[in-house]
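Every chain is numbered from 1 and lettered A, B, ... according to where its sequence line falls, protein lines coming before strand lines.
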Amino acid sequence: MIVYNTLGRKREEFKTLEKGKVKMYVCGVTLYDECHLGHGRAYIVFDVIRRYLEWEGYEVLYVQNFTDIDDKIINRAKEEAKSEKEIPEKAREIVERYKESYFRDMDALNIKRADIYPSATEFIPEIIVAVEKLLKKGVAYSGNGDIYFSVDKFPSYGKLSGRKKEELMPGARVEPEEKKKDPLDFALWKSAKPYEPCWDSPWGKGRPGWHIECSVMSLKCLGETLDIHGGGEDLIFPHHENEIAQSESLTGKKFVNYWLHNGFVTVRGEKMSKSLKNFFLLRELLNQYPPQAIRFLILSTHYRNPLDFDLAHLETALRGWKRIEECILKSEEILGGGKTGKLEETKYIQEFRDVMREDFHTPQALRVIFDLVSELNRYLSRGEKSPEAFSLFNDLKTLLEVLGFALPEKLTLPPHLEKLIREREEARKRKDYQTADRIREQLLREGILLQDTPRGTVWRKK
RNA sequence: GGCGGCGUAGCCAAGUGGCAAGGCAGCGGCCUGCAAAGCCGCGAUACCCCGGUUCGAAUCCGGGCGCCGCCUCCA
């Protein structure tokens, strides 16, 4: 299997530390706001990577953190709090609110839950120990109650993002802070201002810096070296660069073997972001489109390429998904649901494997699925219940599950609509097509689409 | 200023040396009472531009042009 490793910027053979096991850490969200499609992309992408690895027989331990203490959360709490002393409580409330919202969106998208969801505030003692260790090793220093990591003390700093320290200086908007010895140094521990949420530490009341939590939590949950660490490409610098510096200074071991980063979602060519106000919230999209359409859209572009979002593109994705869904519904009607006995694998399984082994090539995987759907449709259009058709149907369901598409559920119609369909069939027998067409239109207004097939009239949700 | 990415049919998107996948939309046909769905057939003499390497390039090299990202919180 080949994966593209950001560290080194090349495709590499994927070898796990321990045979058959994958330790995987994906940077989660900061719990201060709703998730938009950009977040959705990241977690769908890593969901598929995880599902594929599991399907290939790997035992995957998947960890995804929550950042539940951070400037943005505090700022939000300050906005919402009525008085200063309410701030810490508000911050907790905000965190809970958006954690719930996160799970609601991600569950709706059929993203498998991680094995562990560590939160920064659950690891304060461990973070403090880590910071003390870094101080003791002389790679960190104290500046007025804040503790900073000294980038100079980590010679290979820049190896992930491909920058040299000197290159970062000119023109870059690196805020020079007086407490820092070097503008690139970053906070491991921040001292608290009055009324901010805080914890006791050897350096006074404060809270952890952003980068240290991932180092500590991945270390505690997965060990010193990870197989895969993932996230959006905007995390490469400085977040992941800083994680490497801290973790490797702490353990002396290589932190991560394979760094995987997904590309952005853009809107009219520009990055989807809060500041540009060009974001689409997952919740709003999910109100209007089935989750499979969103997943289809995401997977139809390779995970490392930018994905330009437009509602028209989502509409196109929906139609594409509908073709697959129609094939499944029709198969169930003609061939019957449920798994049949294991028949020989079709060539499509092998093709799917071939393309997914090449850096998780989901656009190609969708091509394989469409090829399969076309062939299966040929059997179905003849009403043929051959073993080949059963086999194709089984494989189709298998492949869709690996890509995380929830299979359509068997729906039932309210009795009064069922009755209308029966009335229409009577009318058609009488050749009373006016009545039949009237009923068909009436049902369409209810969102029910009718298809008159050789095996009778079937209905679909529009 | 530094680092990185992208530019392929109307739209989306694969392909990274050997006759340009797939989807959506469109057109023609079959099926149908009419539809819907499905099936069959059709679409880039051509891959931003200009040079070069090669028997052969969308694919490699050089030079342009255009768009975007990171360097600041960010999936």
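- Contact of A:R440 with B:C34 (side chain to base): a donor-acceptor pair of N or O atoms is detected under 3.5 Å.
- Between B:C39 and A:N377, a contact under 4.0 Å exists linking OP1 or OP2 to a side-chain N or O.
- In terms of phosphate contacts, A:R428 brings no side-chain nitrogen or oxygen within less than 4.0 Å of OP1 or OP2 of B:U32.
- A sub-4.0 Å separation between OP1 or OP2 of B:A14 and a side-chain N or O of A:N305 is present.
- Here A:H302 does not reach the OP1 or OP2 of B:G15: none of its side-chain N or O atoms lies under 4.0 Å away.
- A distance of about 15 Å separates the P atoms of B:G18 and B:G56, rounded to the whole Å.
- For the residue pair A:Y157 / A:N242, a side-chain donor-acceptor distance below 3.5 Å is found, with atom types taken as modelled.
- The side-chain heavy atoms of A:H302 and A:T362, taken from C-beta on, include no pair separated by under 4.5 Å.
- Judged by distance alone with a 3.5 Å cut-off, no donor-acceptor contact links the side chain of A:D70 to the base of B:C73.
- Relative orientation of the A:Y258 and A:F14 rings is tilted, given thresholds of 30° and 60° on the angle between their planes.
- Residue A:R323 places at least one side-chain N or O under 4.0 Å from the OP1 or OP2 atom of B:C39.
- When each of B:A75, B:A25, B:G22 is scored by its nearest atom to the side-chain atoms of A:R319, the top-ranked nucleotide is B:A25.
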